[in-house]
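Let me begin by presenting the structure, written as structure tokens, before commenting on it.
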Amino acid sequence: MPPSPHPLAELDRWIEDAGEASAPLPSSVAFVTVGDDCRPSARTVSLKRIERDALLFTSALWTRKAREMESNPHVALLFHWPSLGRQVHITGVATLAERQLARELFAERDLPNQLQSIVSRQGEPITDLQTLRARHAHLAATMEAPPACPEDWGAIRVVPDTIEFWSEARDRLHDRLLYERDGDEWATTRLAP
Ligand SMILES: Cc1cc2nc3c(=O)[nH]c(=O)nc-3n(C[C@H](O)[C@H](O)[C@H](O)COP(=O)(O)O)c2cc1C
């Protein structure tokens with residue numbers, strides 16, 4: 001089959017395939033940033049949307065990932081669906097998405113997750129979880145309307161410049177197809193496994 005001309009449409013299909021195959025958390029993806037000290041760091045995030053040219057997820061903006069992508073916007077993402085024998089490796093440039101989108105995606109979160117963003121300064125040292133749990137439970141019991149999107153919570157947009165699709169083969173000669181952005185087009189190269 002000839003390679004799809006639109007790698008992000010292909011990625012969308014792979015995520016859909018993973019969902020249909022009941023792979024756990026099909027939209028979870030490792031997000032890798034590099035700090036000022038040139039040291040990489042990784043964490044899992046949940047992909048929220050695929051746009052024509054970009055991927056979107058959300059994050060608190062005081063966190064390490066947000067600080068690192070602000071000083072160095074070059075990032076990587078890695079999807080892996082072990083039960084399908086598939087992996088997708090993306091490199092690209094991350095920016096903060098428009099405020100309206102952050103509000104929209106915050107409103108789509110369920111209440112426990114919205115309240116978690118409000119009561120917990122993700123990544124900061126704490127002495128125990130009890131105080132946070134008590135505040136979370138108090139807000140859940142007393143809030144009359146869903147909370148507004150905090151100013152320091154946002155959507156992150158990654159515009160890929162390379163996307164590599166890796167597909168396992170029984171004979172171990174796995175298929176690797178690399179897409180490289182070339183202006184508005186994508187060039188494809190098949191790589192040895
Ligand atoms: C399955 C899964 C999904 C997650 N989704 C997100 C997410 O969408 N956004 C986010 O900021 N953190 C998410 N997290 C938490 C991050 O992995 C991480 O702990 C947090 O963002 C702090 O990372 P940082 O301090 O490196 O910025 C998720 C964790 C897991 C295990």
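Atoms within each ligand, like the ligands themselves, are counted from 1 in listed order. Since the structure is predicted, the reported quantities are computational estimates derived from the model, not experimental observations.
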Q) Within the structure, does at least one protein heavy atom fall under 4.0 Å of atom 23 (O) of ligand 1? A) yes
Q | Atoms of ligand 1, numbered as shown, that sit under 4.0 Å from any heavy atom of Ser59 | A | 11 (O)
(Q) Give me the residue, atom name and distance of the protein heavy atom closest to atom 29 (C) of ligand 1. (A) Thr44 O, 3.6 Å
Q.
Please check: side-chain N/O of Trp81 versus main-chain N/O of Pro26, any donor-acceptor pairing under 3.5 Å?
A. yes
Q: Determine yes or no for a side-chain-to-main-chain donor-acceptor pair under 3.5 angstrom, with Ser59 supplying the side chain and Leu61 the backbone.
A: no
Q.
Could you list the cluster mates of Leu101? Members are the ILVMFWY residues connected by side-chain heavy atoms closer than 4.5 Å, either directly or through other members.
A. Leu56, Leu105
Q | Greater than 12 external heavy atoms within 6.0 Å of Asp171's CG | A | yes
Q: Tell me, please, whether Trp62 has Arg121 positioned over its six-membered ring: NZ or CZ under 6.0 Å from the ring centre and within 45 degrees of its axis?
A: yes
Q.
Using a 4.0 Å cutoff against the non-hydrogen atoms of Ser28, which atoms of ligand 1 qualify?
A. 1 (C)
Q. Is there any ring pair (Phe, Tyr, Trp, His ring centres under 6.0 Å) pair reaching into residues 133-155, and which pairs are they, with sequence neighbours excluded?
A. Phe106-Trp153
(Q) So does Lys65 get a backbone contact from the side chain of Arg67, meaning a donor-acceptor N/O pair under 3.5 Å? (A) no
Q | Per-atom contacts, ligand 1 versus Leu25 - under 4.0 Å to a heavy atom | A | 1 (C)
**Q.** Heavy atom of the protein closest to atom 21 (O) of ligand 1 (residue, atom name, distance)
**A.** Lys65 NZ, 2.6 Å
Q. Identify the closest protein heavy atom to atom 26 (O) of ligand 1: which residue and atom is it, and at what distance?
A. Arg43 NE, 2.8 Å
Q: Provide, to 0.1 Å, the distance between atom 3 (C) of ligand 1 and the closest protein heavy atom, together with that atom's residue and name.
A: Ser46 OG, 3.4 Å
Q | atom 6 (C) of ligand 1: the protein heavy-atom neighbour that sits closest, reported with distance to 0.1 Å | A | Val45 CA, 3.5 Å
Q | Protein residue, atom and distance nearest to atom 10 (C) of ligand 1, heavy-atom basis | A | Thr58 O, 3.6 Å
